[in-house]
Amino acid sequence: MPESTTTTAPRAGTDFIRQIVAADVESGRYGGRVVTRFPPEPNGYLHIGHAKSIVLNFGLAHEFGGRCHLRYDDTNPDTEKEEFVVAMQDDVRWLGYDWGEHLYFASDYFDRMYECAVTLIEKGSAYVDSQQADDIREGRGSVTEPGVESPYRSRSVEENLDLFSRMRAGEFEDGAHVLRGKIDMASPNMLMRDPVLYRIRHAHHYRQGDAWCIYPLYDYAHCLEDAFEDVTHSICTLEFENNRELYDWVLDKVGIEEPRTHQYEFARLDLEDAVLSKRRIAPLVNEGLVSGWDDPRLSTIAAIRRRGVPPEAVRTFCDMIGVAKTPAVIERARFDYAVREVLNAAAPRVMAVLEPLKVVITNFEDGRTEPIEAPYYPRDVPKEGSRTVPFSREVWIERSDFEEDPPKGFRRLVPGGEVRLRYAYVIRCDEVVKDEEGNVVELRCSYDPETRSGSAPLGRKVKGTIQWVSVESALDAEVRLFERLFVEGTEEGTDESALLEHLNPDSLVVVHAAKVEPSVARDPADTRYQFERTGYFWRDPVDGAGDSLVFNRIVALKDTWTKKEVATGGPEARRDVRSEVPRARPSAQAKPGPRPGPRLDDPEVAARFERFRGDLGVSEEHAELLADSPEWAEFFEAALIEYDDAVALAGWVVNDLRGMLGDRGLADLRFGGGEVGSLAALVEEGGVTRRAAKDVLARMVEEGGDPKELVEAMGLAVMNDPDELASIVDDVLQAWPDKVMEYREGKHALIGLFVGEVMKKTRGTADPEATKSLLAARLES
RNA sequence: UGGCCCGUCGUCUAAUGGCAGGACACCGGUCUUUGGAACCGGCGGUGGUGGUUCGAAUCCACCCGGGCCAACCA
């Protein structure tokens with residue numbers, strides 16, 4: 001398991017999934033067990049989006065002392081391969097997670113799934129349909145029209161059983177029959193219109209071989225897989241929201257009882273500029289626009305790994321972005337930040353020059369080499385270690401660290417100017433040597449022997465410090481710089497050919513003649529460095545595996561100077577393509593918005609509406625809602641018998657009760673309108689505050705009960721003693737001295753805090769008006 | 001067009017009827033032998049309109065905007 005990461009991560013247990021899990025653990029719903037799973041289909045490569053799911057599922061299990069399964073959802077023989085099974089395990093392990101003995105394959109459950117299907121048939125909940133695929137599709141209807149029932153829908157259980165076993169026995173061609181759930185062809189949820197559960201497919205399965213010729217479909221298989229494994233929290237992405245109803249239906253019908261697995265959905269990761277789908281990466285690979293599925297510009301786990309991003313950075317990133325239900329696009333900068341955050345604390349610093357310019361130090365003895373000990377880490381990174389870098393008469397510096405005609409604010413080498421060579425001496429540029437075309441080919445400088453690093457005389461101010469590599473000891477290296485693959489528009493929906501037109505021509509820049517200090521030759525090949533002032537690099541694990549040095553830039557250093565240059569159009573303004581894609585934010589304007597009005601064409605509705613609105617004076621909105629269904633109208637009428645303030649009652653029923661109902665209907669309630677009426681009456685009489693009454697109502701919704709008795713039992717009778725209130729008010733004020741001061745300085749919004757605190761202490765039994773005026777009086781004095 | 005889901009600083013995310021907070025980005029400063037890091041400060045938000053409530057980002061209604069669903073894929 002990964003060591004817990006970073007200070008930037010949100011507090012654990014705050015996202016909605018963690019809240020659900022924590023609540024289930026708290027309530028003992030599963031006896032405190034937490035079982036999650038990462039369920040990929042082995043039909044491609046894992047990408048950064050999967051990483052979010054992996055980090056969530058394994059992280060959750062780890063945090064709650066549970067376990068997380070790695071389960072291959074391999075129910076489709078056409079697309080799955082062993083190769084992907086292996087690669088996915090590598091990736092999950094690389095990310096730092098361990099499934100222990102809990103490695104599973106859906107295909108291992110085929111026998112059990114078959115048995116469950118038989119059960120379904122026996123219960124009359126599934127039938128064999130013999131229509132063509134096209135007819136099934138057509139019969140399903142559309143989102144606006146109900147479907148029609150299959151002519152085979154009413155086959156007998158015996159016939160279905162017979163047909164299904166013969167399907168399994170291989171008596172039929174592909175597509176001849178399917179097994180369907182018998183649900184509701186008119187369901188507003190298309191997935192519930194008799195979903196196909198099994199299909200015939202005479203194909204070789206990479207694990208099961210030819211043992212099967214019928215294969216279960218996702219909606220049937222997945223919930224059973226979870227149930228078989230005793231998964232408690234089955235976490236998936238938002239596009240499966242509609243599938244949840246079917247998930248529960250199958251488990252119900254198969255007879256899996258609570259406590260059982262439940263599905264929760266979160267928003268999948270969408271990373272700015274990243275191309276994640278197989279469909280969109282494949283053409284890039286096939287046309288050679290990238291070197292493969294692990295090309296460092298891609299966002300597959302393999303690519304991220306090859307590029308050199310440490311797994312901890314991926315975890316940090318996933319922690320940073322949180323888990324929610326809002327479909328969101330994460331800025332690239334956040335990923336880069338996570339990578340730098342991890343690498344800054346871990347990577348040894350080393351010097352390299354990407355575009356070398358020769359500097360001859362004219363007053364340094366020719367042939368002499370001075371060894372300089374240079375620390376691997378800056379003083380603010382608490383790590384030890386150093387290496388020796390040889391200093392000599394000729395050194396390479398970065399071409400961009402010299403300007404003949406410097407822009408304002410340039411802090412590097414200029415003609416006649418001084419700069420410090422990192423860890424070494426201060427040099428002055430005495431002469432600029434050019435070729436016939438006027439290109440700068442060499443700088444002739446002099447060094448000040450008094451300025452050796454660490455012993456520089458005080459008061460010596462130098463504009464800047466630059467990195468260097470001595471010519472005699474420099475190692476040649478190839479360096480690969482990666483930028484975003486596309487210059488614009490990678491949103492889903494952009495079609496592939498349009499995508500190809502937006503390829504960034506500079507997404508890969510190969511520097512062939514970089515110079516690196518000699519110490520790196522002795523380091524392990526997988527060392528991740530910071531090339532000082534340039535970025536984080538490591539040797540490409542494929543092309544840099546041999547003797548030749550090939551470095552990948554993992555991520556550049558944050559660079560506030562170049563950014564300024566670009567902004568001011570300075571001479572160094574270059575095509576450093578950063579993420580500057582303006583993203584249109586959907587503007588949600590308010591239009592007048594006419595209310596559709598009550599369905600007055602229905603005489604019964606019209607009559608009820610007239611009574612509520614006209615006779616009782618209920619607001620139009622409330623009258624309409626109450627009149628619309630007989631059930632609600634009846635409920636409201638019942639309340640009216642107990643208490644005659646129709647307007648107040650309408651508020652209770654519509655605004656409060658509706659919100660508490662959640663998935664429940666009125667019929668699920670263990671009380672009727674009468675109880676709501678007496679509760680409202682109780683409030684009116686002053687027996688209970690409205691605030692406390694809401695808690696009572698909420699309890700009634702959960703457990704039923706009589707309002708009056710509940711007020712008593714819950715101890716929520718209104719607090720009438722003014723002295724008691726005063727003392728609580730004083731307590732609260734005393735507990736928040738700084739807030740009291742802020743209030744007195746004018747932040748009157750804090751009154752809410754104080755009232756809230758009093759309410760909390762009194763569990764809502766204090767009269768809010770009285771509390772407020774008392775508070776105000778105390779705060780003014 | 002039916003159903004389900006989602007709208008909070010530029011971006012991501014908290015606040016679960018009671019102080020709209022954090023992170024990234026951006027801007028400014030301090031420090032610095034990395035134009036890095038660190039530290040300090042600033043900018044900036046509840047899609048709209050009504051309603052309920054002492055009090056609404058939160059509950060209710062409508063509107064607007066976005067996503068998902070009509071594979072014998074997952």
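Keep in mind that this is a model prediction, so the values were computed, not measured.
Protein atom OH of A:Y264 is 20 Å distant from nucleotide atom P of B:rC4, rounded to whole Å. Computed from coordinates, the A:F240 CZ to B:rC5 P distance equals 18 Å when rounded to whole Å. Rounded to a whole Å, the CG atom of A:D273 is 15 Å from the P atom of B:rU11.
In this structure, A:G409 reaches the bases: a heavy-atom distance under 4.0 Å links it to at least one base atom across the strands shown. Within the 4.0 angstrom heavy-atom criterion, only backbone atoms of the sugar-phosphate kind lie near A:E239; the bases stay farther away. Within 4.0 Å (heavy atoms only), A:Q530 reaches at least one base atom of the nucleic acid. If you check every strand for non-hydrogen atoms under 4.0 Å, A:R422 touches a base. At a threshold of 4.0 angstrom between heavy atoms, the contacts of A:M660 with the nucleic acid are absent. Across all strands, A:G175 comes closer than 4.0 Å to base atoms (heavy-atom distances). Nucleic acid contact class of A:E331 (heavy atoms, under 4.0 Å, all strands): base. Heavy atoms of A:Q132 sit under 4.0 angstrom from at least one base atom. Counting any heavy atom pair closer than 4.0 Å across all strands shown, A:R658 reaches sugar-phosphate atoms only and no base atom. When heavy atoms are screened at a 4.0 angstrom cut-off, A:G752 is found touching base atoms of the nucleic acid. Among the protein residues, A:A328 comes within range of the sugar-phosphate backbone only, with heavy atoms under 4.0 Å from sugar or phosphate atoms but none that close to a base. Residue-level contact check: A:N189 touches neither bases nor backbone, having no heavy atom under 4.0 Å from any strand. Note on A:T326: only backbone sugar-phosphate atoms sit closer than 4.0 angstrom, heavy atoms only; bases stay farther off. In this structure, A:E80 reaches neither bases nor backbone, as no heavy-atom distance under 4.0 Å exists between it and the strands shown.
Each of A:V381 and A:R244 has a nearest nucleotide on RNA chain B; the 5'-most of these lies closest to A:R244. Residue order along RNA chain B, read from the 5' end via each residue's closest nucleotide, puts A:D380 first among A:D380 and A:I136.
Rounding to the nearest 0.5 Å places CD1 of A:I751 at 14.0 Å from NZ of A:K739. Between A:M88 atom CE and A:H50 atom NE2 the span is 6.0 Å, to the nearest 0.5 Å.
The gap from the P atom of B:rC4 to that of B:rA38 amounts to 47 Å, rounded to the nearest Å. Taking atom C1' on both B:rG66 and B:rG50, the two are 23 Å apart, rounded to the nearest angstrom. Remark: the separation of the P atoms in B:rA37 and B:rA61 is 49 Å, to the nearest Å. Between B:rC9 and B:rA20, the two C1' atoms lie 11 Å apart (nearest whole Å).
Taking the six-membered ring where tryptophan is involved, the planes of A:F240 and A:Y218 are tilted, since the angle between them lies from 30° to 60°. In this pair, A:Y425 and A:F391 present their aromatic rings tilted. The plane angle is within the 30 to 60° band.
Residues A:N43 and A:N76 have side chains not in contact (no heavy-atom distance under 4.5 Å, counting atoms from C-beta outward).
When distances run from any side-chain atom of A:E341 to the nucleotides B:rA38, B:rU11, B:rG7, the shortest one goes to B:rA38. Distance from the side chain of A:K739 is smallest to B:rC19 among B:rG55, B:rU11, B:rC19. Residue A:R334 places its side chain closer to B:rC12 than to any other of B:rC12, B:rU34, B:rU1. Closest to the side chain of A:F410, from the set B:rC69, B:rG35, B:rC72, is B:rG35. Checking B:rA61, B:rC54, B:rA23 against every side-chain atom of A:K772, the shortest atom distance belongs to B:rC54. Closest approach to the A:K747 side chain among B:rG18, B:rA20, B:rC69 is made by B:rA20 (side chain taken as heavy atoms from C-beta onward). Proximity note for A:R691 (side chain, C-beta onward) versus B:rU34, B:rC4, B:rC54: the nearest is B:rC54. Taking the side chain of A:L217 as heavy atoms from C-beta on, and the options B:rC12, B:rC19, B:rA74, the nearest nucleotide is B:rA74. When distances run from any side-chain atom of A:N655 to the nucleotides B:rC60, B:rU34, B:rC19, the shortest one goes to B:rC60. Considering only the side chain of A:Y337, B:rA25 comes nearest among B:rA25, B:rC69, B:rG3.
A side-chain N or O of A:E239 and one of A:T237 form a donor-acceptor pair less than 3.5 Å apart. There is no side-chain donor-acceptor pair under 3.5 Å between A:Q263 and A:S234.
Within the shown strands, nothing qualifies as a pairing partner of B:rA25 under the Watson-Crick or G-U definition with both distances less than 3.5 Å.
In this structure, A:T560 reaches the B:rG36 phosphate: one of its side-chain N or O atoms is under 4.0 Å from OP1 or OP2. An OP1 or OP2 oxygen of B:rA74 is reached within less than 4.0 angstrom by a side-chain nitrogen or oxygen of A:T75.
Glycosidic conformation of B:rA14 is anti; the angle lies outside 90° of 0.
With hydrogens and angles left out, the side chain of A:R690 and the base of B:rU53 share no donor-acceptor pair within 3.5 Å.
With centres under 5.5 Å and a plane angle under 30° as the test, the ring of A:Y218 is not stacked against the base of B:rA74.
The distance between the ring centers of A:Y198 and A:F164 falls below 6.0 angstrom.
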